[in-house]
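The structure under discussion appears below in the form of structure tokens.
From a predicted model like this one, the values you see are computed outputs, not experimental measurements.
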Amino acid sequence: MPRMQSVDDGLLKKAGYLYNSSMNPTYLPGKYNNFFKRKNIYVENGLIHLPASVSNTLRVHFLVIYKTIPYVPLQLSV
């Protein structure tokens, strides 16, 4: 679903989909409140659920981490 909006599992099954990847198991104020939802692949209501990737402890979405952590090149000595 665009912008990771929630979608009804029944409608997905009726449309012939086998999986749902429209869930982001994190908390973003004003957008998502799925902090306590499962973050691993699971089956529910006859659909395979593939949650978006988040970090283990803070449950920060990988794109947020990628964009906010500064790039520090490694200095390799030869």
Contact between [X] and [Y] at the side-chain level, heavy atoms closer than 4.5 Å - yes or no?
X   : Y   : value
M23 : S21 : no
I41 : H49 : no
L50 : N20 : no
P25 : F36 : no
L12 : K14 : no

Are V7 and Y17 joined in one hydrophobic group, where the rule is that I, L, V, M, F, W and Y side chains link up if heavy atoms are under 4.5 Å apart?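 They do share one cluster, since a chain of ILVMFWY contacts under 4.5 Å joins V7 to Y17.
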Treat each ILVMFWY residue as a node, draw an edge where side-chain heavy atoms are under 4.5 Å apart, and state whether L18 and V43 are in one component.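 Cluster IDs for L18 and V43 differ.
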Working to the nearest 0.5 Å, report the span between CG of D8 and OG of S22.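 Going from CG on D8 over to OG on S22, the span is 11.5 Å.
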Just wondering, more than 12 heavy atoms not from Y42 lying within 6.0 Å of its OH?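 Yes, OH of Y42 has more than 12 neighbouring heavy atoms, counting only those of other groups under 6.0 Å.
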